[in-house]
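Values reported hereafter were calculated over all heavy atoms of this structure, with side chains retained and with hydrogens, waters and symmetry mates removed. Just so we're on the same page: letters track the sequence lines, and every chain starts at 1.
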Amino acid sequence: MDVAIVGIGIHPFGRTPARSGLQQGAHAARLALQDAGVEWGDMQFAFGGSASAGSADALVNELGLTGIPFINVANGCATGGSSLIAAYNAIKSGQYDVGMVAGFDKHDRGAFNADPKELGIGDWYGEVGLMMTTQFFAMKIQKYMHDYAISHNTLAKVSEKAFINGSKNPNAWRTKPISVDEIIDSTMVSNPLTKFMFCSPAEGGVALILCRADHAKRYTDAPVYLKGATMKSRRFGSFEVFAPSQALQQVDGPTVDASNAAFEMAGVGPRDIDVMQLQDTEVGAEIMHMAENGFCEDGEQEALIQQGATHIGGSMPVNTDGGCLANGEPIGASGLRQVYENVLQLRGQAGDHQVPGDPTLAYTHVYGAPGISAITILQR
Amino acid sequence: MSNQIPIAEGLFSWPAAKPALLASRCKRCGIAAFPVASTCMACSGQDVEIEKLPSRGTLWTWTIQQFMPKTPYKSNETPESFIPYGVGYLELPGGVRVEGRLTENDPHKLQIGMEMDVVFEPYRTEDNGDEVINFFFRPVRSPQ
Ligand SMILES: [Zn+2]
């Protein structure tokens, strides 16, 4: 039994002072129900997550008290992906026919404030100023640039592309293109990464309606099938965020592991994918994730990005809605935003950010602390 | 007279004539970990012994922290007096790659692969006058 996505809804990302995170989630949920032509009362189950905007299951207070089993999912940046895996299995097992996955969030301005104790690290680590995700991303791309000859200009081109795509997406936060020079000359945050090379915490909500594939046509003429959904945590020896030390012998990170598992589950390979949304917490992440997900070899990104391959009209369009760089990162909603974008792409409804050539296979990838990754592969 | 105390117990030998970072090494698989941990993350073994890590290694990667972090950052600095600091992983032969602050914050004086020493220096002063000692990585010589 396959699983289909038959309804999608989004609350615009960015800053919406007038609405709580929960209200943004409810907005997305109502649009998703409407898109599938169903009512909240038709939902047999729900999975959802929010990191900073209260409990996801409080959505019942906005949408109606129907007795629905609503299970909260908390998995950092992989929250959306983990909710999808849970919903996939709930339908695949035959337990339910139709249900909802929702994610929303609302974060304060500025970098996320991590507490070492929550991750089992000593207080000293934060006191001396090592508890910064920005440092990890900077050090990972610094090493990668050294090993694979990636240029500063290529870093900036990733941001430039993100803001161009954001300008074509009415739900994006940052909708003004920014030049390569302006990106390189913006405030240095953590060498080699400048302010415009990082995404920011933000707000937003996304909801999806999933059902058993043989019921899909009851809800939509254009179902999109969830062919693969995987989540992995780090193995010993991978280079991860918030690591006071790392092993001399390095192994592949959770992205590589989750990606391999997703391709195997879907029975397709990287070359079959027409459009991809890859975690771009900052520009280096997008560059490295192209290779970690199998879409190119290490070092090929320099030429690919300089040639424009990752633009909407290119040979491997990456982050067609502007990604985290242009949408910001509301943790609970971010992974589901990628799925929302891919459903639009596969339906041919992405408007100005639609990739040409009637895409049939689409890929999403998230990565987050303390070393987790979730992947989905969608097919129309 | 000021009292010198380590920023955390068990992170490095202190007081000592020649202080050193402390690691645990798994007796089953031989993997070293920093800081000392009672369970080996490589094989889940729980039989470990504590050893001193080498004092010289090579810089594996680095960055410069350009703005003052929010809490739990705890130095004697204010946003006005904050000085950007280097951060890096030092590869200690036969041990692990340890993350720490660098004494150098000029990006032009840092290179992947350069030799660095582990040094122990005052990091901040507590209200009672105690000097808190932390470990830092210091270039052995400036790169050409
Ligand atoms: Zn072991």
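Side-chain atoms of A:S245 do not come within 3.5 Å of backbone N or O of B:V98 as any donor-acceptor pair. Of the possible donor and acceptor atoms, one in the side chain of B:Y85 sits under 3.5 Å from a partner among the backbone N and O of A:G129. Between the side chain of B:R97 and the backbone N or O of A:A247, at least one donor-acceptor pair lies under 3.5 Å.
Residue-environment remark: NZ (A:K140) exceeds the threshold of 12 foreign heavy atoms within 6.0 Å.
Interface remark: of the candidates A:G122, A:S190, A:A138, A:S190 forms the most heavy-atom pairs closer than 4.5 Å to chain B. Contact tally against chain B (heavy-atom pairs below 4.5 Å) for A:M139, A:H146, A:Q249: the top residue is A:M139. Put simply, of B:A8, B:A42, B:G88, B:G95, the one with the most heavy-atom pairs under 4.5 Å next to chain A is B:A42. The residue among B:L92, B:V132, B:N134 with the most heavy atom pairs within less than 4.5 Å of chain A is B:N134. Chosen from B:A33, B:P69, B:P93, the residue pairing most often with chain A at heavy-atom distances under 4.5 Å is B:P69.
Nearest heavy-atom pair across A:V189 and B:F67 is CG1-CE2, 3.4 Å. When all heavy atoms are compared, the tightest approach of B:I7 to A:W124 is CG1-CB, 3.9 Å. For B:G94 against A:L248, the heavy-atom pair with the smallest separation is N-CD1, 3.9 Å. Heavy-atom minimum distance, A:K143 versus B:T61: N-OG1, 3.5 Å. The two atoms that bring A:M188 and B:Q66 nearest to each other are O-CB, 3.3 Å, heavy atoms only. When all heavy atoms of B:I112 and A:Q142 are compared, the pair lying nearest together is CD1-O, 3.8 Å.
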(message) Apply side-chain contact (heavy atoms from CB on, under 4.5 Å) to residues B:R124 and A:E127 and explain how you reach the verdict.
(response) CA-CA 10 Å; B:R124 66 165 189 259; A:E127 290 177 12; 3.1 Å; yes

(message) Evaluate A:Q246 against B:V96 for side-chain contact (heavy atoms from CB on, under 4.5 Å), listing each step before the verdict.
(response) CA-CA 6 Å; A:Q246 37 154 337; B:V96 284; over 6 Å; no

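For the atom pair CD of B:Q65 and CG of A:L130, the computed distance is 9.5 Å after rounding to the nearest 0.5 Å. Going from atom CG of A:N191 over to atom CG of B:N105 covers 9.5 Å, rounded to the nearest 0.5 Å.
Counting only heavy atoms from C-beta outward, the side chains of B:I31 and A:F236 approach each other to under 4.5 Å.
If you measure heavy-atom distances from B:F34 to chain A, the contacts under 4.5 Å come from both the backbone and the side chain. In this structure, chain A has a heavy atom under 4.5 Å from the side chain of B:F135, while its backbone stays farther away.
Aromatic pair A:F239/B:W60: centroids less than 6.0 angstrom apart.
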